[in-house]
Amino acid sequence: MRVKSLFLQHGRQLTTLFVLILLSAALWALSPHFMSLSNWLNIAQQTAINAIIAAGMTFVIISAGIDLSVGSILALSGVVMASALQAGAPVPLALLLCLVVGALCGSANGLLIARGKLPPFIATLGMMSVARGAALIFSDGRPVSGFAPGFRAIANGEFLAIPLPVWIMAAVYLIAHLVLSRTRLGRYTYAIGGNEEATLLSGVNVKLHKTLVYSLAGLLSALAAILLTARLNSAQPIAGMNYELDAIAATVIGGTSLLGGEGQIFGTLIGAFIMGVLRNGLNLLGVSSFVQQTVIGAVIIVAVLLDMMMKKRRS
Amino acid sequence: MISGRPVLEMHHIGQVFPGVVALDDVHFDLMQGEVHVLLGENGAGKSTLVKILSGANPRSSGQILLDGVEVRIETPRRAQELGIAIIYQELNLIPALTAAENIFLGREPRRRSGFIDQKRVVTDAQSLLDELHAGIDASRRVCELSVAQQQMVEVARALSLQARILIMDEPTSALTGQEIGELFALIRRLTQRGVSVIYISHRMEEIFEIGERVTVLRDGRHIETRPIAGTSREELVRLMVNRELKEHFPKVRVEPGAEALRVEKLSRRGVLEEISFTLRRGEVLGIAGLLGSGRTELARALFGADPVDGGRIFIKGKPVRIGSPRDAIHQGIGYLTEDRKGQGLVLNLAVRENICLASLARFSRLGWVSRTRESNAASGFVDKLRIRTPGLGQQVRYLSGGNQQKVVMSKWLCSESRILLFDEPTRGIDVGAKVEIYQLMNKLAADGAAILMISSELAEIIGMSDRVLVMCQGRIAGELSAAEATQQKILNLALGGN
């Protein structure tokens, strides 16, 4: 009974998980090194950045929106933080600054969408360009590099033999799950995505909650900027190109409907891992990066196609 | 003009959905030129049956014969080829295209050059519409047409597809009295041409007016098929629900208490004109009027969903400002919308989540929702209102219309609304659930709630209201007490008489 209800509620995520396991088994068969602990830690660390951005994207997509600006927000908040660090700001202050910049960009998206009634696609498309331009202006188009070891430890450090970025990703997902399933913000995110009109007529402050959702997406992009900058020991104004597409892909592979109102955060995590595992496995197999792009694109299409076919069969 | 052989026969029809037997060994047949009414409570299997005919449910069991020849209807396209057309409650037209373009959508006549022959599209469509006496200009865009006219366009489209069997699912739910008359005249012209009609409706008066035979379904089973002549309304209701409904409107009158809501000269340009009235506790105030008379607009203005240009609203004697639904809910107003699925419910959220949507703040602290308290509240309403659902976690999309409506009601009871605006509270709901909703209104009134009930069903207005306001063109055309309200008086006022 418990197993059955578990499957009914989380069937879609279990399927995605099954695909991940299948994919891993295939790669293991092709390359024995794939299944080593060190390789998995490597995958997790590489997945962390996309996964963190995708967590924010999941909120946005559940609310029936889209955010194309996450990669640019990452770049802008990254170069701002890096400049602050180089100017001698203490690390915690620089981190805070980074998060504030990200959240502010996100709120700007939210306000344009909720108050200005702009379609999310247009508002965030604009922000994508504005934030990217701002990052280039701010950094004069040059990477900002070289930080103190204390900062770089965010990417290199370990706790219980597991890299810090992996811990951060885990924490983000745990919190995101609790927010989505246990808080009013989470409930309203689903409600707005499911039926905005009915939600508004139920007295929910739709504008506020939409703004919060986009702010959260911006905040998580900034968090990803911290990890990326620490790992590369450099903040690039052209960082994060196409990250929005990876995040959308992870979300959609994870079973969140682009129509809004439906989706689970752990599905997105699995989706991000599917993409990470695929990249890693193809690298191990020596597949060229051109071919990789093609394969990953095909996987996204097939995943969504399968999902739609299964949904049709169920209904 | 009914000829003696069935154009359509359905034998031993069965349909199983995961966990539910939707249809079990159902028989149905349709004569040429007949209007055959399909009757049953929501969830009885009517929609499932017509979906099988229209090719939307290809995995059913049983046998379907057209003119005595067995057919398989696997896709909507196949149904179309076989001459079966369905006109849904929600019309399937493209608003931005013209009537003519909609009628020939996907089958546009072309010139030799390959371009669409616009002239022929319009002239052919116009002659189809004229044949139906529709009085519609084929070159007008569908979004400029009334619902009744849009229906005509759908019928014209069906005829252009050589439809021989026309399925109409609650075609009158959004029509005014006069439009219903026109629709019936149209149906009669169609049947004279040999078209057979399967007619689904909950409105008894219509069934007796238009139907020749009736088939009653209950819980997915075929109960009875009989000629409508010689059948009484009570008998049909009994067949549908299998329990005698003593009275149709179980109205209990309550001595009205203190003033709950007073509206003074509420106006919105072009929509509402100086609306004034008082609503007292324990009272059901019926709002009658034709479509477009401003009934729904009044409710939306009171609820803060639309802005107003002038006027004042008093609650318990105190002036209040209502600028948004949030304000209205804080003032204890609840609004059960006319469009249940579009505005009342979040279909993919659970029963529990819908019930608590308007009062989630009460079940949470610092943004953290207490599932236990929420579930306790929701399950209280599920019991009290007898909402039939497998569980609190069930998505409301899977509930029947009556149960969905009870979920919306629960939402407003849960938010402790004391002034309830009910807009068409029983639209598209089966007889059994209707009575339950009436009883609930009685109970609410007895508990001191004030109810404003908008309805297009005059019998419902007369049967359930303590007082009736009749609206016409954005104004209040008159007020009638329960004793003096008759269908004729109400209609007279609604049509602008006095």
Side-chain angles (χ1 to χ4, degrees), chain A residues 1-2 4-12 61-64 114-115 175 177-209 212-213 216 255-264 310-315, chain B residues 17-19 57 59 299-300 303-305 324-331 333-337 339-350 352-371 374 391 393-398 408 411-412 414-415 417 421:
Chain A
M1 184 61 214
R2 250 194 102 75
K4 198 178 162 193
S5 79
L6 185 79
F7 196 82
L8 277 177
Q9 276 185 12
H10 303 285
R12 178 57 178 75
I61 293 182
I62 289 175
S63 81
R115 302 232 164 234
I175 294 169
H177 171 69
L178 290 174
V179 170
L180 265 183
S181 62
R182 295 296 164 91
T183 68
R184 274 158 71 191
L185 174 62
R187 178 72 53 82
Y188 292 158
T189 305
Y190 281 105
I192 290 168
N195 188 340
E196 186 171 337
E197 174 83 0
T199 309
L200 185 73
L201 289 176
S202 295
V204 174
N205 193 337
V206 169
K207 286 178 182 163
L208 171 71
H209 285 94
L212 285 177
V213 163
L216 184 67
T256 298
S257 161
L258 279 174
L259 299 174
E262 275 172 61
Q264 304 288 335
M310 281 188 358
K311 260 192 196 146
K312 212 172 172 182
R313 262 186 56 180
R314 253 181 296 163
S315 64
Chain B
F17 293 121
N57 284 349
R59 262 180 295 278
R300 285 183 63 89
F303 195 64
S324 69
R326 272 160 66 76
D327 295 347
I329 292 166
H330 284 309
Q331 296 293 344
I333 302 178
Y335 175 34
L336 185 130
T337 53
D339 179 1
R340 188 165 55 233
K341 288 181 184 167
Q343 303 179 325
L345 294 165
V346 184
L347 288 173
N348 51 3
L349 286 189
R352 167 176 54 87
E353 293 168 325
N354 270 287
I355 291 178
C356 300
L357 188 58
S359 41
L360 205 54
R362 267 203 297 132
F363 303 110
S364 48
R365 192 180 299 155
L366 298 171
W368 188 267
V369 179
S370 161
R371 281 242 183 133
E374 200 191 6
Q394 177 79 340
Q395 289 186 7
V396 293
R397 73 165 85 236
Y398 298 117
V408 183
K411 174 168 79 179
W412 297 120
C414 191
S415 74
S417 303
L421 315 174

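Quick caveat: nothing in here was measured; it's all calculated off a predicted structure. Throughout, a chain's letter reflects where its sequence line sits, starting with A, and its residues are numbered from 1.
In this structure, the portion of Leu345(B) lying under 4.5 Å from any heavy atom of chain A is its backbone and not its side chain. Neither the backbone nor the side chain of Phe363(B) comes within less than 4.5 Å of any heavy atom in chain A. For Ser415(B), no part sits under 4.5 Å from any heavy atom of chain A, backbone or side chain. Heavy atoms of Ala328(B) lying under 4.5 Å from chain A are absent altogether. Interface remark: Leu360(B) contributes backbone and side-chain atoms alike to the contact with chain A (heavy atom separation under 4.5 Å).
Taking the ring-ring contact (aromatic ring centres under 6.0 Å, His included) definition, one finds that Tyr188(A) meets it with His209(A), sequence neighbours left out.
Remark: the backbone N or O of Val204(A) is not paired with any side-chain donor or acceptor of Ser202(A) at under 3.5 angstrom. In terms of modelled atom types and a separation under 3.5 Å, the side chain of Trp412(B) and the main chain of Tyr335(B) share a donor-acceptor contact. Ser324(B) places a side-chain N or O within 3.5 Å of a backbone atom of Asp327(B) that can act as its donor or acceptor partner. Without hydrogens or angle criteria, Asn195(A) side chain to Lys341(B) main chain gives a donor-acceptor distance under 3.5 Å.
Comparing Ala191(A), Gly261(A), Ala198(A) by how many heavy-atom pairs each has under 4.5 Å with chain B, the most go to Ala198(A). Most heavy-atom pairs under 4.5 Å with chain B, from the set Leu178(A), Leu200(A), Leu201(A), Asn205(A): that is Leu201(A). The candidate with the highest count of non-hydrogen atom pairs below 4.5 Å against chain A, out of Leu349(B), Asn348(B), Asn354(B), is Asn348(B). Among the candidates Ser181(A), Gly203(A), Gly186(A), Gly193(A), the residue making the largest number of heavy-atom pairs closer than 4.5 Å to chain B is Gly203(A). Between chain A and the options Arg300(B), Glu353(B), Glu374(B), the largest number of non-hydrogen pairs under 4.5 Å is found for Glu353(B).
Here the closest heavy-atom approach between residue Ile355(B) and residue Ser359(B) is recorded as O-OG, 4.3 Å.
Sorted by first and then second residue, the salt bridge (charged side-chain N to carboxylate O under 4.0 Å, His left out) pairs involving residues 356-371 of chain B (not counting sequence neighbours) are Arg362(B)-Glu416(B).
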